[in-house]
There are 2 protein chains.
Amino acid sequence: MATNTRERIVTTTAELFRRQGYNGTGLKQIVAGAAAPFGSVYHFFPGGKEQLGAEVIHVGGRFYQELVEAVWDAAPDAVSGVADVFAGAAETLRQTDYADACPIATVALEVASTNEVLRVATAEVFAAWIESAVERLSAAGIGRAKARELAIAIIALLEGAFVLSRATRTTEALEAAGATAVARVRDAILQGEGRAKP
Amino acid sequence: MATNTRERIVTTTAELFRRQGYNGTGLKQIVAGAAAPFGSVYHFFPGGKEQLGAEVIHVGGRFYQELVEAVWDAAPDAVSGVADVFAGAAETLRQTDYADACPIATVALEVASTNEVLRVATAEVFAAWIESAVERLSAAGIGRAKARELAIAIIALLEGAFVLSRATRTTEALEAAGATAVARVRDAILQGEGRAKP
DNA sequence: GTCTATAGAAGGATAGAC
DNA sequence: GTCTATCCTTCTATAGAC
């Protein structure tokens, strides 16, 4: 999988960030997990922990986006696509002992007011996620402005549900959030077709 | 305001946790901000940083709950109550340079997989918030099961919008999340009255 | 019970051998 | 360019003077 040293460092860091956050993860722990010599970090990332962090945010964000897109696009329509995304996230959370949720949310909150470089990196990832969701909702017949509002709400529901689910160690929040997201998407599509809700 | 040393330590820690998280905040920074001697931390909190953290989570969680309840209860009905909560959160975020959002979300994500004592503390806070919202939604005529699903969704929307808003330094996410929360509460109340949506 | 000094471990970062 | 040894700072925690 991770064949070279640089790759191993990035994937190991991504996994540690997801579970412990940025400040909770040390460079020594990273090189130990990646089975890499300490100096390799500064060889591949002269900017140190911050540069490594920025790359991990971008790579991790893109990877997760592609994962969600694959689940969404495999569904027959947008409503079941959204439902599948939340159901898949709940299943992953259960299987990983409530560890693997959003790869960048923990870091995003940690650095939002303390590190501008990393804050911008997380903002770029979220912007890409929003654009991805807007495209899919637009393709489902929802107007551009409404699609953007919905896309943001869906991502907020997912992120917030991750916070609640990881804290309480139940998937109830992901299920409640998923039901809400599905209902809103369904309503928006029906309204776009000029039909009222039953 | 904070008249004694112990109180100053707790309020200072709460503020630092909100902006930097648990791992990003050192005890030395806490005593410096609280103008307290270092030894006072271990005098009042023999369990060290963990015990202090648990108390800050509980106190901060209760404080924020009372703040939100005050805003919600000042509104004429549940729909505008929810709208006011999101609008107020957005205003606070703008006024504090996107620093003061949820007092425990950052810590909750940091400790969810690394510190069971603090994880339980955050879970207890979220449980209290959910119960508070369920009461208010039930009082608005929404059935208990639906009220719980909605309460969780509203809190998830708020938490997720905080993540997005702090990262992007805009309040667009809070507005989109607020609109979604309001729409869902309105629908639930109308359905409870046996009326369809227009 | 207020406060200082310091221990002992872990943090990020650097220099330089090979 | 792979790897080791080490520097300096910061961290949590403790001991003990006052």
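We name chains A, B, ... by the order of the sequence lines, and we start the count at 1 in each one.
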Length of the [atom1]-[atom2] vector between [X] and [N], whole Å:
X: B:F45; N: C:dT2; atom1: CZ; atom2: P; answer: 13 Å
X: B:I30; N: D:dT12; atom1: CD1; atom2: P; answer: 7 Å
X: B:Q20; N: D:dT10; atom1: CD; atom2: C1'; answer: 14 Å
X: A:R6; N: D:dT2; atom1: CZ; atom2: C1'; answer: 16 Å
X: B:I9; N: C:dG1; atom1: CD1; atom2: P; answer: 14 Å
X: B:Y22; N: D:dT12; atom1: OH; atom2: C1'; answer: 10 Å
X: B:F38; N: D:dG16; atom1: CZ; atom2: P; answer: 17 Å
X: A:K49; N: D:dT10; atom1: NZ; atom2: P; answer: 15 Å

Q.
Under 4.0 Å, heavy atoms only, any strand: does A:G39 hit a base, just the sugar-phosphate, or nothing?
A. base
Q) At under 4.0 Å between heavy atoms, what does B:F44 touch on the DNA or RNA strands: base, sugar-phosphate, or nothing? A) sugar-phosphate
Q: Please determine if A:E116 and B:R169 form a salt bridge, counting it only when a charged side-chain N lies under 4.0 Å from a carboxylate O.
A: no
Q: Run the salt-bridge test on B:R166 and B:E159 with the 4.0 Å N-O cut-off and return the result as yes or no.
A: no
Q: Would you kindly confirm whether B:F44 and B:L52 end up in one hydrophobic cluster when ILVMFWY residues are joined by side chain heavy atoms under 4.5 Å apart?
A: yes
Q | Presence of B:K28 side-chain N/O under 4.0 Å of D:dC11 phosphate oxygens OP1/OP2 | A | no
Q | Distance test, side-chain N/O of A:Y42 to OP1/OP2 of C:dA13, below 4.0 Å | A | yes
Q) Between A:R19 and B:T114, does any side-chain donor sit less than 3.5 Å from a side-chain acceptor? A) no
Q: State, without any angle test, whether B:T25 and B:Q29 hold a side-chain donor-acceptor pair at a distance under 3.5 Å.
A: no
Q) When you measure from the side chain of B:H43, which nucleotide among C:dA5, C:dT2, C:dA13 comes out closest? A) C:dT2
Q) B:L27 has a side chain; which of C:dG12, C:dT4, D:dA13 sits nearest to it? A) D:dA13
Q: Would you mind telling me which residue lines up with the more 5' stretch of DNA chain D, A:A36 or B:G24, judged by nearest nucleotide?
A: A:A36
